[in-house]
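Scope of the values below: all heavy atoms of this structure, side chains included, with no hydrogens, waters or symmetry mates.
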Amino acid sequence: MNQREQADALRHRRELVVQRWQALGLDGPALIPAGLPIPVEGTDLYHDFHAHPEFQYLTGAAEPGAALGWQPDAGWTLFAPSLSVEALVWESAPPSPTALAAETGVERSVDRSELAAWLEAQRGQPLALLGSRDIQQRAADYGVEAWAALETDIDEDATERIGRALAELRRTKDQVELARISRAVDAAIAGHLAAQRIARDGLSERALQIEMEAEFFRQGGARTAYGSIVGSGPNSAILHGTPGPRHMSDGELVLIDAGAEIDGYASDVSRTFPVSAAFSPIQRDLYDVVLASQREAIASAAPGVEYKNMHLKASATIAAGLVDAGVLRGAVDDLVNNDAHALFFPHGLGHMLGLTVHDCAGYLDDRVPEDRFGLAYLRTDLPLQPGYVVTIEPGIYFVPALLTDPERRERYREMVNWPRVDDLLDFGGIRIEDDIQITVDGCINLSQALPSSADDVEAIRREGLGIASA
């Protein structure tokens, strides 16, 4: 897709937004700042900049200090950042207003120095303020002398209603977005494959992270979509564990949850594999349980399907597998209704994916997370629709903090085979995650090129270890 086609797609997004705003009876001005870099305390450096997703969705750009304005009578205005001569000694020049106009399709693209006058023209009118609200504290960094001096009346009700409408639109990805997500997924696949081939006894988690992420970047990734999770042995049970100096050993599992970001769009893929050439019997048994629950969920993903129901079905499959493994006791329905499975599957089935790894609006407006152990961390509760991209990532973990908690041991005294659990406390965890695009008649597994069956994973491990196939 060329620049003109992308600009046309962005114009269409903005047209849809305006139509939605007008349908809500909202006809006042709006401002959407991109955000500013956050300084690293005690230095003259900044944290890695991420543009606010509302700004990036509407412009396709990610320039720090930029802003997008809307007026019913004048339409859209893009305020392009510029740097002083002194700043240009240290930093690259941002795109010119003309370049941003071509990139974004916003015809009125002007230097940010005009933002103060634009805001002054809105004096006395309620203003919807979306995007980053750092402009209220750091107005000077946007070229505005002082926010308080503007006496701007922020319409919080309009801001909230417009924000909800924008979030709803962002759930459905257009062709530009789907292409960028697919590229990010392809980069993630390459990195995961490299890691599965390189891992071996004595290698540190950090060293494996470096090799994987290098492949992300070779494949076009601008950065990682989030802090890569690489856990070996017991560390594989830490859901958001940071890779460190621990050296992996034969007989252990390695869990990697990592993705690349391309043009602002994230991928999010997880795989679990043995350090040795093959899974142990219990590792393979539990791996197959997680894989079965994931494949069932992917097969059921289609328009109109409730994501929460997918989660509960996956929970039942995991509970049944844990019964077969001698970890849980009782009827599957009773185990799930009492959240016994959540001792081993404590998170939700997945989440929305897009401009952020946990993308916006995972819940319908009238739904909130339930206050129960088995559903409290469910990030998505809505019916799936064409154009949505979601992750599906069930898992089984032996988390010592949960499994040695006296209160939970008492509550689940009859439902858990605690001696069996004690034998597996250092097992670690298993997670298998793919990125799924919902289509008009089902779904597409965007990351299916990364093998997930136990046989295929072992074949990759043998290849990486230089072991000939039988």
Side-chain angles (χ1 to χ4, degrees), residues 31-69 78-100 103-104 109-119 129-150 152 184 187 206-207 209-214 216-218 220-230 240 242-245 258-266 355-358:
L31 182 68
I32 306 101
L36 295 163
I38 299 172
V40 178
E41 293 293 337
T43 76
D44 59 356
L45 304 176
Y46 294 88
H47 292 284
D48 192 23
F49 176 73
H50 286 70
H52 194 285
E54 290 176 340
F55 175 86
Q56 192 163 359
Y57 175 74
L58 291 170
T59 66
E63 295 301 323
L68 181 67
L78 180 61
F79 300 95
S82 57
L83 297 177
S84 66
V85 172
E86 291 76 15
L88 287 169
V89 174
W90 300 95
E91 302 175 48
S92 300
S96 68
T98 301
L100 279 179
E103 177 185 342
T104 65
S109 179
V110 300
D111 188 88
R112 188 176 58 191
S113 60
E114 297 189 29
L115 176 58
W118 186 92
L119 285 167
L129 182 59
L130 290 94
S132 175
R133 300 191 75 151
D134 61 0
I135 192 171
Q136 294 177 279
Q137 291 76 41
R138 300 174 60 186
D141 292 327
Y142 284 93
V144 179
E145 185 173 348
W147 184 263
L150 295 168
T152 303
R206 175 66 175 153
Q209 173 198 12
I210 291 168
E211 297 299 329
M212 173 185 65
E213 292 180 358
F216 289 173
F217 302 140
R218 292 188 191 102
R223 55 189 167 199
T224 62
Y226 51 97
S228 298
I229 299 164
V230 181
H240 285 175
T242 301
E261 180 183 305
I262 291 182
D263 291 335
Y265 284 83
L355 279 167
T356 59
V357 68
H358 295 157

**OP:** For the residue pair His50 and Glu261, establish whether any side-chain heavy-atom pair is separated by less than 4.5 Å.
**Re:** yes

Original post:
Could you give all pairs that pass the salt bridge (Lys or Arg N to Asp or Glu O under 4.0 Å) test and reach residues 130-149, with sequence neighbours left out?
Top reply: Arg133-Glu156, Arg138-Asp141

Original post:
Do Thr152 and Leu129 come within less than 4.5 Å of each other through their side chains, counting heavy atoms only?
Top reply: no

Original post:
Between Tyr142 and Ala66, is there a donor-acceptor pair closer than 3.5 Å when you use the side chain of the first and the backbone of the second?
Top reply: no

Original post:
Looking at Gly60 and Glu103, what are the two nearest heavy atoms and their distance?
Top reply: O-OE2, 3.7 Å

Original post:
What heavy-atom pair brings Pro81 and Glu63 nearest, and what distance separates the two atoms?
Top reply: CG-CB, 4.0 Å

What pairs of donor and acceptor atoms, side-chain ones from residues 31-43 against any protein atom, are under 3.5 angstrom apart with sequence neighbours left out?
unit_1: Thr43; atom_1: OG1; unit_2: Val40; atom_2: O; d: 2.9
unit_1: Thr43; atom_1: OG1; unit_2: Leu45; atom_2: N; d: 3.0

Subject >> Minimal non-hydrogen separation, Ala184 against Ala260, with atom names >> reply: CB-O, 3.5 Å

Original post:
Do Leu68 and Phe79 come close enough that some side-chain heavy atom pair is under 4.5 Å?
Top reply: no

**OP:** Taking all heavy atoms of Glu54 and all of Gly131, pick out the closest pair and write down the distance.
**Re:** OE1-N, 2.7 Å

Subject >> Exercise: identify the closest heavy-atom pair between Pro243 and Gln209 >> reply: CG-OE1, 3.2 Å

Original post:
Of all residues at least two apart in sequence or in a different chain, which pass the salt bridge (Lys or Arg N to Asp or Glu O under 4.0 Å) check with Glu211?
Top reply: none

Original post:
Is a side-chain N or O of Ser109 found less than 3.5 angstrom from the main chain of Pro97, in a donor-acceptor match?
Top reply: yes

Original post:
Are any non-hydrogen side-chain atoms of Leu355 and Phe55 less than 4.5 angstrom apart?
Top reply: no

Subject >> Nearest-0.5 Å distance, CD1 of residue Ile135 to CG of residue Leu119 >> reply: 6.0 Å

Original post:
To the nearest 0.5 Å, how far apart are OH in Tyr226 and NE2 in His240?
Top reply: 8.5 Å

Original post:
Between Thr104 and Thr59, which heavy-atom pair has the shortest distance, and what is it?
Top reply: CG2-O, 3.1 Å

Original post:
Between CG of Asp48 and CZ of Arg223, what distance do you get to the nearest 0.5 Å?
Top reply: 4.5 Å

